[in-house]
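What follows is a single structure, written as structure tokens, with notes after it.
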Amino acid sequence: MPAYHSNFNAEDNRLIGNMALLPLRTQFKGPAPKSTAEEDIIDEALMYFKANVFFKNYEVKGAADRVLIYLTLYTTECLKKLQKCATKNDASKTLATLAVSSFDIPGDSGFPLNAFMTKPATKADADQLRQYFTQMRQEIAVRLAEKVYVDDKPSKWWLCFTKKRFMDLSLSGPGN
């Protein structure tokens with residue numbers, strides 16, 4: 001069975017490096033255009049997460065796939081943090097903090113996806129990419145907390161994926 005790829009690959013979107021700047025349904029401030037579509041890349045990443053996380057190899061078929069890869073790895077990091085959260089309120093606070101914490105972007109030495117993503121051409125592009133990542137991280141924090149916490153209890157059907165390593169990569173360092 002092949003991995004799921006983004007439906008947004010066919011669209012013509014602005015690129016930063018070789019990542020697509022995709023529209024988002026979000027209330028958070030950032031460079032992503034506002035989306036009125038029913039589904040955006042965040043929905044797609046969460047929908048395909050459980051299937052894609054099992055793959056050790058992933059063929060990139062477009063710029064939107066690179067965003068999907070990043071969001072899949074970030075979702076895994078979020079789930080690791082959620083293991084320690086007993087309530088949805090705790091989870092929301094923890095994920096909101098994680099979303100705005102310091103992180104690497106393509107071109108930084110600690111970024112695990114440098115083989116798939118090119119470094120932004122200018123400092124302005126790097127700043128915009130960091131803002132875009134932050135915007136996506138904030139939005140995925142809100143939506144993931146909604147999905148994982150049903151009746152204010154964590155779903156074991158989501159938390160069971162904390163040990164899985166998509167493409168055998170992790171956004172956090174070893175041991176984290």
Side-chain angles (χ1 to χ4, degrees), residues 1-28 30-83 91 95 98-99 103-106 111-118 120 129-130 132-150 154-172 176:
M1 183 177 136
Y4 288 100
H5 294 275
S6 178
N7 296 322
F8 298 99
N9 279 330
E11 295 180 15
D12 187 25
N13 294 294
R14 182 169 174 265
L15 298 179
I16 302 176
N18 60 356
M19 285 190 66
L21 186 65
L22 299 167
L24 298 176
R25 285 184 302 108
T26 183
Q27 74 272 14
F28 296 104
K34 295 281 186 221
S35 174
T36 56
E38 191 173 308
E39 188 176 283
D40 64 3
I41 190 68
I42 304 290
D43 293 322
E44 198 174 67
L46 292 174
M47 180 174 60
Y48 294 153
F49 174 78
K50 290 180 180 180
N52 279 351
V53 77
F54 289 104
F55 288 94
K56 298 288 183 205
N57 299 312
Y58 188 88
E59 178 187 0
V60 177
K61 293 190 175 181
D65 275 349
R66 290 180 181 88
V67 177
L68 189 64
I69 290 170
Y70 180 80
L71 291 175
T72 301
L73 290 175
Y74 183 68
T75 301
T76 302
E77 297 305 312
C78 290
L79 290 174
K80 287 178 189 175
K81 295 285 185 190
L82 292 181
Q83 281 184 306
L95 293 182
L98 179 63
F103 57 91
D104 292 323
I105 61 169
F111 191 70
L113 298 170
N114 280 330
F116 298 95
M117 299 174 189
T118 59
L129 185 60
R130 188 174 302 280
Y132 180 50
F133 277 5
T134 301
Q135 189 179 16
M136 289 190 301
R137 289 163 66 112
Q138 289 172 318
E139 188 59 36
I140 209 162
V142 171
R143 296 190 204 176
L144 188 61
E146 290 292 323
K147 284 191 175 288
V148 173
Y149 286 81
V150 181
S155 167
K156 67 180 181 181
W157 304 115
W158 273 94
L159 295 182
C160 67
F161 290 96
T162 57
K163 300 254 188 279
K164 296 292 176 197
R165 289 175 51 104
F166 177 56
M167 297 171 54
D168 210 21
L169 296 170
S170 174
L171 291 180
S172 61
N176 292 334

Could you report the tightest heavy-atom contact between Ala63 and Leu15, atom names first, then the distance? CB-CD2, 3.4 Å
Step by step, would you call Leu171 with Tyr74 a side-chain contact (heavy atoms from CB on, under 4.5 Å)? CA-CA 7 Å; Leu171 291 180; Tyr74 183 68; 3.8 Å; yes
Worked check of side-chain contact (heavy atoms from CB on, under 4.5 Å) between Val60 and Asn18: CA-CA 11 Å; Val60 177; Asn18 60 356; over 6 Å; no
Can you tell me if NZ on Lys147 sees more than 12 non-hydrogen neighbours from other groups inside 6.0 Å? no
Going by heavy atoms in the side chains, are Pro106 and Leu129 under 4.5 Å from each other? yes
Quick one: pull up CD1 in Ile41 and CE in Met47 and give me the separation to the nearest 0.5 Å. 9.5 Å
Residue pair Ala64 / Leu22: nearest heavy atoms and the distance that separates them: CB-CD1, 4.0 Å
How about CD on Glu38, more than 12 heavy atoms from neighbouring residues, nucleotides or ligands closer than 6.0 Å, or not? no
Has Asn9 got a side-chain atom pairing as donor or acceptor with Asp65's backbone, closer than 3.5 angstrom? yes
Approximate separation, where rounding is to 0.5 Å, of Leu113 CG and Arg66 CZ: 10.5 Å
For Lys56, does the NZ atom have more than 12 heavy-atom neighbours from other residues, nucleotides or ligands under 6.0 Å away? yes
Could you tell me whether the side chain of Arg130 and the main chain of Ile105 form a donor-acceptor pair under 3.5 Å? no
Closest non-hydrogen atoms of Tyr132 and Leu24, given as atom of the first, atom of the second and distance, are CE1-CD1, 4.4 Å
Rounded to the nearest 0.5 Å, what separation is found between the CG atom of Leu71 and the CG atom of Asn52? 11.5 Å
Value rounded to 0.5 Å, distance of CD in Glu39 from CG in Asn7: 6.5 Å
Atom NZ of residue position Lys34 - does it have more than 12 heavy atoms of other residues, nucleotides or ligands inside 6.0 Å? yes
Let me confirm one number: the CD-OG1 distance from Glu77 to Thr162, rounded to the nearest 0.5 Å. 10.5 Å
Show your working on side-chain contact (heavy atoms from CB on, under 4.5 Å) between Phe161 and Thr75 and close with a plain yes or no. CA-CA 10 Å; Phe161 290 96; Thr75 301; over 6 Å; no
Among Tyr4, Phe54, Phe166, the one residue meeting ring-ring contact (aromatic ring centres under 6.0 Å, His included) with Tyr48: Tyr4
Could you check whether any side-chain N or O of His5 sits under 3.5 Å from a backbone N or O of Leu68, counting only pairs where one atom can act as donor and the other as acceptor? no
I need the Phe8 CZ to Asn13 CG distance, nearest 0.5 Å. 8.5 Å
Which pairs of donor and acceptor atoms, one on a side chain in residues 135-144, lie under 3.5 Å apart (sequence neighbours left out)?
unit_1: Gln135; atom_1: OE1; unit_2: Ala32; atom_2: N; d: 3.0
unit_1: Gln135; atom_1: NE2; unit_2: Phe28; atom_2: O; d: 3.0
unit_1: Arg137; atom_1: NE; unit_2: Ala99; atom_2: O; d: 3.2
unit_1: Arg137; atom_1: NH1; unit_2: Tyr70; atom_2: OH; d: 2.9
unit_1: Arg137; atom_1: NH2; unit_2: Leu98; atom_2: O; d: 2.9
unit_1: Glu139; atom_1: OE1; unit_2: Thr26; atom_2: OG1; d: 2.6
unit_1: Glu139; atom_1: OE2; unit_2: Arg143; atom_2: NE; d: 2.8
unit_1: Glu139; atom_1: OE2; unit_2: Arg143; atom_2: NH2; d: 3.3
unit_1: Arg143; atom_1: NH1; unit_2: Asp40; atom_2: OD1; d: 2.7
unit_1: Arg143; atom_1: NH1; unit_2: Asp40; atom_2: OD2; d: 3.4
unit_1: Arg143; atom_1: NH1; unit_2: Asp43; atom_2: OD1; d: 2.9
unit_1: Arg143; atom_1: NH1; unit_2: Asp43; atom_2: OD2; d: 3.4
unit_1: Arg143; atom_1: NH2; unit_2: Arg25; atom_2: O; d: 2.5
unit_1: Arg143; atom_1: NH2; unit_2: Asp40; atom_2: OD2; d: 2.9

Partner residues of Asp12 under the salt bridge (Lys or Arg N to Asp or Glu O under 4.0 Å) criterion, sequence neighbours left out: none
